[in-house]
Amino acid sequence: MTAASPETDENRYDFRAIEERWLPEWRRTQPFRAAGPDDERPTKYVLDMFPYPSGDLHMGHAEAYALGDVIARYWTQRGFNVLHPIGWDSFGLPAENAAITRGLDPRGWTEDNIAQQRTSMERYACSFDWDRVLATHRPDYYRWNQWLFTRLHERGLAYRKHSNVNWCPKDQTVLANEQVVGGLCERCDTPVTKKKLNQWYFKVTDYADRLLDDLDTLQDTWPSKVIAMQRNWIGRSTGADVAFRIEGRDEPIDIYTTRPDTLFGATFMVVAVDSDLGAEIAQRADAGVQQQFDAYLEQVRGSSEIDRLSTERPKSGVFLDAYAINPVNGERLPIWASDYVLADYGHGAIMAVPAHDQRDLDFARAMDLPVRAVLDCRDEDGEALPDPAESGVATTGDGTLINSGDLDGMDKVQAIAAITARLDADGRGRASTNYRLRDWLISRQRYWGTPIPIVHCEACGEVAVPDDQLPVELPPTEGLDLTPKGTSPLGAATDWVTTTCPRCDGPATRDTDTMDTFVDSSWYFLRFLSPGKTDGPFDSSEAARWAPVDQYVGGVTHAILHLLYARFFTKALHDMGMVDFEEPFSALLNQGMVQMDGSAMSKSRGNLVRLSDQLDEFGVDAIRLTMAFAGPPEDDIDWADVSPAGSAKFLARAWRLARDVESTPDADASTGDVALRAVTHRTLHDCASLVEGFRFNVVVARIMELVNATRKAIDSGPGAADPAVREAAEAVAILLSLFAPYCSEDMWAMLGRDNVARAGWPAVDESLLVEDTVTCVVQVKGKVRDRLEVAPDISDGDLEAAAMASPAIQRALDGAAIRTVIVRAPKLVNIVPV
RNA sequence: GCCCCCGUAGCCCAAUCGGCAGAGGCAACCGGCUUAAACCCGGUUCAGUGCGGGUUCGAUUCCCGCCGGGGGCACCA
């Protein structure tokens with residue numbers, strides 16, 4: 001039975017009363033539990049990116065969940081068994097910072113926020129399956145992070161290495177490459193520095209090609225922007241490795257170049273100052289050179305990442321008093337060390353071709369090194385481009401080879417092929433591919449994260465914690481100083497750190513780093529499928545039934561980080577035989593951000609709009625509707641431009657339709673007013689494809705039209721007792737159930753029915769979609785001169801005749817001879833006079 | 001510097017094989033209801049699509065070049 005009988009209602013729309021009526025009802029009935037394997041309906045997995053529980057929900061959440069809910073509720077109405085779960089990405093720095101600054105327990109703080117957010121989500125009428133909630137900070141979740149880590153470790157995909165890492169001096173922790181934005185810490189905007197540390201990595205680079213190539217399969221279902229960003233980020237480039245013999249060194253040095261065709265133009269070599277190679281070559285030189293090198297290295301190390309990133313900065317470097325031999329012409333090339341060559345890309349060394357590379361040219365001019373053009377480059381008019389040595393502008397385009405021995409006269413493509421083949425034959429080089437993408441640094445020197453399940457044993461080395469000893473739970477915070485100090489706070493938990501080796505039972509210590517929280521979110525979509533499973537991270541049969549995610553919804557802020565990592569995990573799991581698909585998210589919708597007066601909302605800007613205030617003032621439905629109606633979902637919404645009051649007014653208007661209906665639920669719609677029925681069925685028909693195309697703003701506009709038409713039918717048409725009016729009002733309730741759950745449920749109850757969310761999409765009567773006449777536009781020379789009402793199936797010939805017979809057309813033609821007549825029956829005729 | 005997206009009424013936005021520039025809303029104004037106001041109801045005003053070319057019988061739509069806004073990458077050899 002329904003919660004309250006509509007007769008007791010006041011005669012006007014009161015969103016507070018309506019919310020109070022239905023919220024407890026839904027809490028009790030849990031209408032959005034996903035059905036089990038016995039259910040015959042096709043499945044649909046709709047997933048919203050799970051939130052970080054940093055406080056209560058804000059306007060951004062409200063937008064994201066409103067849009068995700070439209071999709072989830074739509075597929076439910078279409079007869080699908082929908083899985084729409086929610087959880088919390090609950091490890092991370094805010095909890096730890098609250099612990100430090102306010103002395104709060106991170107667990108308690110986190111759980112309190114989760115409870116608050118959950119209450120708000122329920123009020124917001126999110127159609128989540130509340131039986132599947134998960135939170136990544138709970139041991140029953142992060143246990144499987146650890147389990148997965150050990151599987152990756154077994155396969156060599158999780159490894160530890162010493163290297164220069166990004167370091168945030170404020171958070172006192174390392175950062176992944178992806179978390180450094182413009183040389184600043186993504187979280188706190190502190191300039192990032194470099195530090196040499198022994199850290200854990202996931203070998204994402206092993207998957208670089210697949211991560212790049214499989215983007216093609218997402219072409220039609222992911223925003224092109226996100227695909228472009230991922231392509232950019234992976235940054236695959238093809239070229240060649242070339243081996244240069246070094247005087248006084250046994251082993252040659254490999255360099256990587258994308259332009260082997262310019263090999264004859266190499267006039268010096270540059271090694272990265274912070275590479276092992278640079279140090280080694282400097283060491284071979286005399287004390288004076290060494291000293292210069294050391295001083296330069298120190299200077300480079302001390303400069304911030306921002307300085308280093310500035311491309312306008314003058315080039316700097318040190319000559320190492322060493323020489324390389326160009327394999328194609330035997331020339332001696334001086335070797336320099338500089339910071340413009342990166343240690344961790346390619347081989348940390350380059351051949352410099354100043355004539356045809358701007359960076360090399362800048363360096364050559366600064367250090368007074370020779371420049372030799374080996375390409376004859378021309379502009380569009382065939383004029384020779386100025387000599388780079390004179391102009392200071394490198395010619396980086398294509399050109400005909402010159403000064404290149406027997407390669408002279410070739411074009412770029414021919415020369416690259418020829419020289420690569422020759423080097424390969426001589427064993428001095430080979431075709432090669434490089435990536436901008438680096439391995440994913442996952443260790444963090446912080447407390448609130450998943451402990452890395454590794455034990456360090458003097459005898460056995462790194463030993464993975466066996467499955468039966470997982471989870472390695474975080475020690476309590478009591479007695480731990482969580483203040484960032486550069487080493488993990490877990491190191492101070494002596495009892496926790498001290499352990500025995502799982503392999504030899506000897507004394508051992510636990511690894512004290514915790515995992516990047518992006519590990520947590522890389523596979524959570526699989527945990528939702530069997531959140532209570534205790535003998536594995538997820539159930540394979542459930543995965544086969546639901547996964548991959550059919551529709552993922554979230555902000556574009558995660559276009560690179562989270563989505564790339566989740567894709568990597570999925571591919572790794574695929575290779576372990578745990579899932580049978582290679583991409584986690586079949587379709588992706590990025591919603592925009594909610595702004596105020598043209599800029600992001602923030603307390604400091606003083607333009608913060610509080611969600612709870614908006615909900616109190618306008619009601620949940622009006623806010624949800626406003627989010628959907630504001631514009632295309634991927635566009636940003638400026639709250640100053642939209643009208644939640646207007647949405648509330650519209651909902652009241654829709655609600656009154658149901659109130660005014662005078663027929664009973666068994667009324668036969670087919671006997672109703674045909675004109676109104678046509679509008680109803682046309683709307684239902686069009687809205688389906690509009691929702692599937694994420695054109696939610698247009699859907700809302702169409703519902704508004706239907707409401708207007710129904711109102712007119714009641715007030716000045718066939719009247720409130722006509723069955724078509726009931727049919728229309730019911731269609732409005734069902735359509736509105738995607739956007740305004742409370743209002744539509746109340747309408748549905750007034751219409752004498754129960755549970756609008758499961759009402760089902762009404763069958764569209766195709767015969768009502770055919771119009772009996774169409775307005776045909778008749779143009780003379782492209783200008784509209786007349787309109788004709790014609791049958792939709794009129795022939796071209798009849799239509800042309802009708803058009804020519806029109807007095808208005810004859811007047812417009814004014815006796816002129818006719819050159820052509822274009823007929824597009826039944827909508828248009830265009831007559832073109834001579 | 002390279003790449004991607006977007007410019008339609010005062011504002012948010014429609015116009016989906018190139019075919020009547022306006023579906024919906026906000027704001028403004030007028031009228032009805034009201035003792036009055038709000039609510040509600042009805043109605044009206046407002047752009048020729050950033051600019052310049054091109055293709056076409058016909059361009060908001062396709063092509064080229066600019067201008068303006070947003071975003072990504074950027075010393076990655």
Side-chain angles (χ1 to χ4, degrees), chain A residues 12-13 181-182 223-233 235-237 239 255-260 262 270 272 308-313 315 338-342 344-353 356-360 362-363 396 434-438 556 559-560 592 625-626 629-632 634-647 649-650 652-653 656 686 689-690 693 695 697-708 711-712 715-716 775-787 818-824 827-833:
Chain A
R12 47 176 282 271
Y13 176 73
V181 180
S224 54
K225 183 179 169 180
V226 174
I227 291 178
M229 284 165 76
Q230 294 229 348
R231 287 220 170 92
N232 251 335
W233 188 261
R236 179 162 66 193
S237 86
I255 59 96
Y256 171 72
T257 179
T258 54
R259 297 296 301 268
T262 62
V270 188
R308 205 185 143 112
L309 284 168
S310 163
T311 44
E312 280 90 59
R313 201 167 48 113
K315 291 278 183 286
S338 175
D339 63 352
Y340 88 89
V341 171
L342 306 176
D344 57 353
Y345 184 79
H347 306 283
I350 61 154
M351 67 169 189
V353 185
H356 308 299
D357 182 289
Q358 191 59 47
R359 298 153 299 183
D360 295 345
D362 293 343
F363 191 83
T396 55
N434 267 282
Y435 305 89
R436 217 191 67 91
L437 180 73
R438 306 295 145 89
V556 74
I560 297 172
L625 190 74
T626 302
F629 186 51
E634 58 276 8
D635 286 7
D636 290 342
I637 297 173
D638 196 317
W639 205 246
D641 290 337
V642 297
S643 171
S647 299
K649 228 159 73 178
F650 163 70
R653 217 167 122 75
R656 287 194 300 267
D686 292 355
S689 51
L690 286 168
R695 319 260 336 256
N697 54 328
V698 183
V699 174
V700 175
R702 297 297 299 274
I703 303 173
M704 288 173 168
E705 279 183 83
L706 178 55
V707 167
N708 292 344
R711 183 79 257 163
K712 205 169 233 170
D715 291 347
S716 55
T775 306
C776 175
V777 176
V778 186
Q779 301 174 334
V780 174
K781 211 162 181 280
K783 286 211 168 69
V784 180
R785 298 297 187 189
D786 197 11
R787 287 147 214 269
I818 289 158
R819 198 168 88 196
T820 33
V821 180
I822 288 114
V823 184
R824 293 280 181 276
K827 302 202 69 165
L828 177 126
V829 176
N830 188 11
I831 302 159
V832 188

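So you know, we letter chains A, B, ... as the sequences are listed, proteins then strands, and number each from 1. Note that the structure is predicted; figures quoted are calculated from it, not measured. For the numbers below, each heavy atom of this structure counts, side chains included, while hydrogens, waters and symmetry mates do not.
The 5' end of RNA chain B is approached more closely, in terms of each residue's nearest nucleotide, by A:Leu690 than by the other of A:Asp715 and A:Leu690.
In this structure, A:Asn708 reaches the sugar-phosphate backbone alone: every heavy-atom distance under 4.0 Å involves primed, P, OP1 or OP2 atoms, never a base. Contacts of A:Ser237 with the nucleic acid, taken as non-hydrogen atoms under 4.0 Å apart, involve only primed sugar atoms and P, OP1 or OP2. Contact annotation for A:Arg231: no contact, since no heavy-atom pair falls under 4.0 Å across all strands. Within the nucleic acid shown, A:Pro632 comes within 4.0 Å of sugar-phosphate atoms alone, with no base atom in reach, counting heavy atoms only. Among the protein residues, A:Thr257 comes within range of the sugar-phosphate backbone only, with heavy atoms under 4.0 Å from sugar or phosphate atoms but none that close to a base. Among the atoms of the strands shown, none is found under 4.0 Å from any heavy atom of A:Ala228. Among the atoms of the strands shown, base atoms are found under 4.0 Å from some heavy atom of A:Gln779. Here A:Phe363 lies out of heavy-atom contact (under 4.0 Å) with every strand. Within 4.0 Å of A:Lys827, counting heavy atoms only, lies no atom of the nucleic acid at all.
Interatomic distance, A:Thr257 OG1 to A:Asn434 CG, rounded to the nearest 0.5 Å: 10.5 Å. Taking CD1 of A:Ile560 as the reference point, atom CG of A:Asn232 lies at 7.5 Å (rounded to 0.5 Å).
In this structure, B:G72 shows a glycosidic angle more than 90 degrees from zero, which is the anti conformation.
With B:A77, B:C57, B:A14 as the candidates, the nucleotide lying closest to the side chain of A:Val832 is B:C57. The side chain of A:Asp635 lies closest to B:C13, out of B:C26, B:C13, B:G24. For A:Lys649, taking side-chain heavy atoms from C-beta onward, the closest of the listed nucleotides B:C40, B:A23, B:A77 is B:C40. Closest approach to the A:Arg653 side chain among B:A14, B:A77, B:G42 is made by B:G42 (side chain taken as heavy atoms from C-beta onward). When distances run from any side-chain atom of A:Tyr340 to the nucleotides B:C41, B:C75, B:C73, the shortest one goes to B:C75. Ranking B:G19, B:C73, B:A77 by closeness to the A:Arg824 side chain, first place goes to B:G19. Listed nucleotides B:G25, B:C73, B:G19 differ in distance to A:Arg436; the shortest reach to its side chain belongs to B:C73. Distances from the side chain of A:Lys315 to the nucleotides B:G72, B:C75, B:A77 place B:C75 closest. Side-chain atoms of A:Ala701 lie closest to B:G24 of the nucleotides B:C57, B:G24, B:C26. Comparing B:G58, B:C73, B:C40 against the side chain of A:Asn830 picks out B:G58 as the nearest.
Here the separation of B:C13 from B:G24, taken at their C1' atoms, is 8 Å to the nearest Å. Taking the C1' atom of each, B:U8 and B:A21 are spaced 8 Å apart, rounded to whole Å. To the nearest whole angstrom, the two C1' atoms, one in B:G50 and one in B:G70, are 15 Å apart. B:A9 sits 22 Å from B:C5 when the P atoms are compared, rounded to a whole Å. For the P atoms, the distance linking B:A28 with B:A14 amounts to 24 Å, nearest Å. Distance noted for atom P between B:U61 and B:U45: 27 Å (whole Å). Separating the C1' atom of B:C46 from that of B:C3 is a span of 39 Å, rounded to the nearest Å. With P as the reference atom, B:C66 and B:U60 are 22 Å apart, rounded to whole Å.
More than 12 non-hydrogen atoms from other residues, nucleotides or ligands lie less than 6.0 angstrom from CZ of A:Arg231.
The cationic atom of A:Lys315 (NZ for Lys, CZ for Arg) lies less than 6.0 Å from the six-membered ring centre of A:Tyr340 and within 45° of the ring axis.
Scanning both residues, A:Arg711 and A:Arg653, for their nearest heavy atoms gives CG-NH1, 4.2 Å. The two residues A:Tyr345 and A:Tyr435 come nearest to each other via the heavy atoms CE1-O, 3.2 Å.
Look at A:Lys712 and you won't find any side-chain N or O under 4.0 angstrom from OP1 or OP2 of B:G42.
Side-chain contact, A:Arg824 with A:Asn830: no donor N or O sits under 3.5 Å from an acceptor N or O.
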